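For reference, the structure is listed below as structure tokens.
The structure presented is a predicted model; accordingly, all values stated were derived computationally and were not measured.
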2 protein chains.
Amino acid sequence: MILDGVLKEGDPLPSVRKVAAEFRVNPLTVLKSYQELVDEGLVESRRGLGMFVVEGARNLLLDGERQRFLEEEWPRVQEVIHRLGLSADDLLNNAPRRSKPRKKGSG
Amino acid sequence: MILDGVLKEGDPLPSVRKVAAEFRVNPLTVLKSYQELVDEGLVESRRGLGMFVVEGARNLLLDGERQRFLEEEWPRVQEVIHRLGLSADDLLNNAPRRSKPRKKGSG
DNA sequence: CATAGTGTTATAGTTAACTATAACACTATG
DNA sequence: CATAGTGTTATAGTTAACTATAACACTATG
């Protein structure tokens, strides 16, 4: 939500209790997740008021997630792509060039 | 290992006990994972002998994993790429076109 | 002060996955 | 049969994450 701009910097996060109710989950579970955001320096907690998106959170998140994605997730995704014999073409255009025709349409 | 051809069809999987020892893990845990492969029809169990890669397993796996990847994983990866302001094009072709130059080299 | 909304802490219980250990069932080999 | 290697089942214990419930602490508002 922060990355997508749904939550701007300074905005309050939906309250622990509301999220807990909406997802039928224990408030403690929500709180713990929110605390992780605090630990990452993205969110700050103001007792009695709520939890708020920190100034600069979006850039911090963007940089951090970019790094994590490029160094950890993407390499693994690339391995999978390679293992499955997929091509960049297959993935980007919804119109794959006619490659080797498949034996059968399986379903 | 099956996709990469390390395990050919008909080959025995490393025994439950060996894997358990190698990864310092309970044999039951390994067994359960192997059972999942049996449930997927990729592997068959021969009591007293071992677990073996089924004939046709590689193609079955290839088709199944292709579908799973294209329908589930890749869309999510694309969302992340988009959210992070990265380009799938740049990531797939290793030769990124010169796009907007970044403000700073961060480190 | 009372109220209604926040985050926070505490205590006890539940659950799924995993561990530890032992024993059982089966097969090829000699 | 004995042996050594397989998969399999059973029992009890451990652990991390989550749940249920209640209470505490704080803030803006009236």
For [X], all residues meeting side chain to side chain contact (heavy atoms under 4.5 Å, CB included), sequence neighbours excluded:
{"X": "A:Leu62", "answer": "A:Leu3, A:Arg58, A:Asn59, A:Arg66, B:Leu84"}
{"X": "A:Ala88", "answer": "B:Leu92, B:Asn93"}
{"X": "A:Pro12", "answer": "A:Phe52"}
{"X": "A:Ser87", "answer": "A:Asp89, A:Asp90"}

Per the side chain to side chain donor-acceptor pair (under 3.5 Å) rule, what does the pair list look like for residues 34-50 of chain B, sequence neighbours excluded?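 Only B:Glu44-B:Arg46 qualify under side chain to side chain donor-acceptor pair (under 3.5 Å).
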
How would you list all residue pairs meeting side chain to side chain donor-acceptor pair (under 3.5 Å) that involve residues 1-29 of chain B, not counting sequence neighbours?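 Side chain to side chain donor-acceptor pair (under 3.5 Å) check on residues 1-29 of chain B returns A:Arg83-B:Asp4.
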
For A:Glu73, which residues count as a salt bridge (charged side-chain N to carboxylate O under 4.0 Å, His left out) partner, sequence neighbours excluded?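 By the salt bridge (charged side-chain N to carboxylate O under 4.0 Å, His left out) rule, A:Glu73 matches A:Arg68.
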
Mind checking which nucleotides bracket the chain A contacts on DNA chain D, 5' to 3', with an atom under 4.0 Å from a heavy atom?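 First and last nucleotides in contact are D:dC18 to D:dA28.
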
Starting at the 5' end of DNA chain D and moving along, which residue's nearest nucleotide shows up first, B:Leu31 or A:Asn26?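 The residue closer to the strand's 5' end, by nearest nucleotide, is B:Leu31.
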
Tell me, which of [range] have any heavy atom that sits under 4.0 Å from an atom in DNA chain D?
{"range": "residues 37-49 of chain A", "answer": "A:Arg47, A:Gly48, A:Leu49"}
{"range": "residues 50-58 of chain A", "answer": "none"}
{"range": "residues 11-18 of chain B", "answer": "B:Ser15, B:Val16, B:Arg17, B:Lys18"}

Can you hop from A:Phe69 to A:Ile81 via hydrophobic side chains spaced under 4.5 Å?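 Yes, same cluster.
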
Side chains of A:Val53 and A:Leu13: does their closest heavy-atom pair fall under 4.5 Å?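 Yes. Closest side-chain heavy atoms under 4.5 Å.
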
So what stems show up for DNA chain C if we need 3 or more Watson-Crick or G-U pairs in a row, all under 3.5 Å?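 Correct response: C:1-30 with D:1-30.
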
